[in-house]
Amino acid sequence: MSELTLFRASILHFLRDPGEAADERAWQYWEDGALVVESGRVVVCGPEAALLTQYPQAKVVDHRGKLLLPGFVDTHIHFAQTDIIASYGAQLLDWLNTYTFPAERRFADRVHADNVAQFFLDELLRNGTTTAAVYPTVHKASVDAFFSAAEQRQMRMVCGKIMMDRHCPDFLQDNVASAEADSRELIERWHGHGRAGYALTPRFAPTSTPEQLAMTGRLFAEYEGLWLQTHVAENVDEVRWVADLFPDARSYLDVYDRYGLLGERGVYAHCIHLDRADRERMAATGTAMSFCPTSNLFLGSGLFDLNRARELGVRVGLATDVGGGTSFSMLQTLNEAYKVLQLGGQKLNAWRGFYLATLAGAEALYLEDRIGNFLPGKEADFVVLDWAATPLLERRMQAAQSLDERLFALMLLGGDRVVAQTYVLGEPRLPAC
């Protein structure tokens, strides 16, 4: 979009974490707001009356009566698990063997990978998610299919080939040499190409030998600006397995630390069964956590401790973790996050919830200089939410006494039907109703 465009709506964005106390200095809200966009970037946002006067030449897009937010950022999701979402009755290790590995085998076929990537990205957009850190499979074709589909939609995405050289089926197993060669080829092809960012992706410590983890650490240090994503401390049986495989390591997280896999743009999913030393180490190295409430409940893994992570200064983003997670919707994920934190004796107000789904995700991925709020110059990815998308929401909004109450109801009762439109670089990506 090269022309100047002014979007009218109620507008909310965040400047920092509002915390449990809901610090009002952490966000900006305009009931009658305007967002001005040119060439896919934010020019300014603020009160509608002033900006209509200041930019009389702008094309006006009217979303009055709806809420405009930065696009949601999903910090951990598996596109190759799209077809096994809502598969019955397993915990983590059984889930991998029963559902995940057979499903991922099919991604050696580029046609299948293309088909799933197209559907997956459209589903993200339908749910208001404009950026995600994504797991494909061990196959190069899965990475090429994903980034090609993302490029068609101009979406900012982080992704990279999964690496596994042990404790997995032969049909998904690589080795140190092939994993390095494939990763280098894919990095050269995709990293920094358009809005694509490459992530080194060892699945988790049990499926990589020490040699493969060491190779991954060398690549992480060699290439500027790479991401690294993996799993840690999701399930108690998994934690015990890692202790058996790496008896010299102080903890599960320490396994990765020994091979140089912590640091900025390192994104670790789950982070449930960690101790204070682990969390302090993540904070010290700038390594981020992905809070995956829906999958943690579905797989019976445990409860994430948000307050302890934030108090120690760890970056934390929200994640759906499809297909262990049971919804692509970040609103539904916030619903589950509220309940997880309640069980842990913590609170999640609506302000902090929407911060987690937007700016916090950008911060976890070290993309806050490009996305996550509406400061001038940011990329214009945003979502428009309908307060009254369902009869129940409409009735609940009529009873609400404050903006805080309306936002909380939207967070708990919202889902894909709430998303009226999703914009990428200022362009609408959902079909007109």
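- We find the CE-CG distance between M330 and N335 to be 13.0 Å, quoted to the nearest 0.5 Å.
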Quick one: do D305 and Q346 satisfy side-chain hydrogen bond (donor to acceptor under 3.5 Å, both in side chains)? Show the steps, please.
CA-CA 8 Å; D305 191 333; Q346 301 178 24; 2.7 Å; yes
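- Checked against I11 for a side-chain contact (heavy atoms from CB on, under 4.5 Å), the options L69, L35, L67 give a single hit: L35.
- With a 6.0 Å radius and a threshold of 12 heavy atoms from other residues, nucleotides or ligands, R105 has its CZ atom at or below the threshold.
- A centroid separation of 6.0 Å or more is found between the aromatic rings of H270 and Y252.
- Of all the heavy atoms in L51 and A34, the pair that sits closest is CD1-O, 3.5 Å.
- We find the CD-CZ distance between Q229 and R203 to be 11.0 Å, quoted to the nearest 0.5 Å.
- With hydrogens and angles ignored, the 3.5 Å screen pairs a side-chain donor or acceptor of T287 with a backbone N or O of G263.
- Between the side chain of N296 and the main chain of S301, no donor-acceptor pair closer than 3.5 Å is present.
- Side-chain N/O atoms of D23 and W351 include no donor and acceptor closer than 3.5 Å.
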Take E363 and R315 through the salt bridge (charged side-chain N to carboxylate O under 4.0 Å, His left out) test and state the conclusion after the steps.
CA-CA 7 Å; E363 291 169 340; R315 296 184 181 221; over 6 Å; no
Using the side chain to side chain contact (heavy atoms under 4.5 Å, CB included) rule, take D17 and L356 through it: C-alpha gap first, then chi angles, then the decisive distance, then the call.
CA-CA 8 Å; D17 183 357; L356 283 173; over 6 Å; no
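- Taking 4.0 Å as the cut-off between side-chain N and carboxylate O, D122 and R153 count as a salt-bridged pair.
- More than 12 heavy-atom neighbours from other residues, nucleotides or ligands sit within 6.0 angstrom of CZ on R184.
- Under a 4.0 Å N-O distance rule, the pair R156/D381 does not qualify as a salt bridge.
- Other residues, nucleotides and ligands place more than 12 heavy atoms under 6.0 Å from the CZ atom of R126.
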Hey, mind stepping through L413 and T390 against side chain to side chain contact (heavy atoms under 4.5 Å, CB included) and telling me if it holds?
CA-CA 9 Å; L413 300 176; T390 68; over 6 Å; no
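- Less than 6.0 angstrom separates the ring centroid of Y268 from the ring centroid of Y256.
- Among F107, F119, F79, the single residue meeting the ring-ring contact (aromatic ring centres under 6.0 Å, His included) criterion with H112 is F107.
- For the residue pair Q81 / D321, no side-chain donor-acceptor distance below 3.5 Å is found, with atom types taken as modelled.
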Between T422 and L124, does the side chain to side chain contact (heavy atoms under 4.5 Å, CB included) criterion hold? Intermediate values first, please.
CA-CA 10 Å; T422 302; L124 288 185; over 6 Å; no
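- Using a 3.5 Å distance cut-off with no hydrogens or angles, the side chains of E104 and Y135 do not pair a donor with an acceptor.
- The closest side-chain heavy-atom distance from R308 to L274 is not below 4.5 Å.
- Looking only at side-chain heavy atoms (C-beta outward), V36 and Q54 stay at 4.5 Å or farther from each other.
- Side-chain contact between C271 and M282 is present, with heavy atoms from C-beta onward closer than 4.5 Å.
- Not a single donor-acceptor pair under 3.5 Å links the side chain of Y366 to the backbone N or O of G225.
- Between the NE2 atom of H273 and the CG atom of D237 there is a distance of 9.5 Å, given to the nearest 0.5 Å.
- Between Q421 and F7 the shortest side-chain heavy-atom distance does not fall below 4.5 Å.
- Taking a 6.0 Å sphere around CD of E222, one finds it holds more than 12 heavy atoms contributed by other residues, nucleotides or ligands.
- At least one side-chain heavy atom of M157 sits less than 4.5 Å from a side-chain heavy atom of V134.
- A donor and an acceptor atom, one from each side chain of D74 and T129, are nowhere located under 3.5 Å apart.
- The pair E20-K347 does not meet the salt-bridge criterion, since no charged nitrogen lies less than 4.0 angstrom from a carboxylate oxygen.
- In E224, the CD atom is not crowded: 12 or fewer heavy atoms of neighbouring residues, nucleotides or ligands sit closer than 6.0 Å.
- Side-chain atoms of H193 and E151 form a donor-acceptor pair, as typed in the model, at a separation below 3.5 Å.
- A perpendicular orientation is assigned to the rings of H231 and H76, their planes being inclined by more than 60° (bins at 30° and 60°).
- Put simply, the side chain of V316 does not reach to within 4.5 Å of the side chain of T75, judged on heavy atoms.
- Residues L303 and L341 fail the side-chain proximity criterion, which asks for heavy atoms closer than 4.5 Å.
- Put simply, the side chain of R25 reaches to within 4.5 Å of the side chain of R16, judged on heavy atoms.
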Before you tell me yes or no, could you show the steps for H139 and R110 under side chain to side chain contact (heavy atoms under 4.5 Å, CB included), namely the whole-Å CA-CA distance, both residues' side-chain angles and the distance that decides it to 0.1 Å?
CA-CA 9 Å; H139 311 100; R110 176 62 188 265; over 6 Å; no
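- F298 and W95 have perpendicular rings, their planes meeting at more than 60° on a 0 to 90° scale where under 30° would count as parallel.
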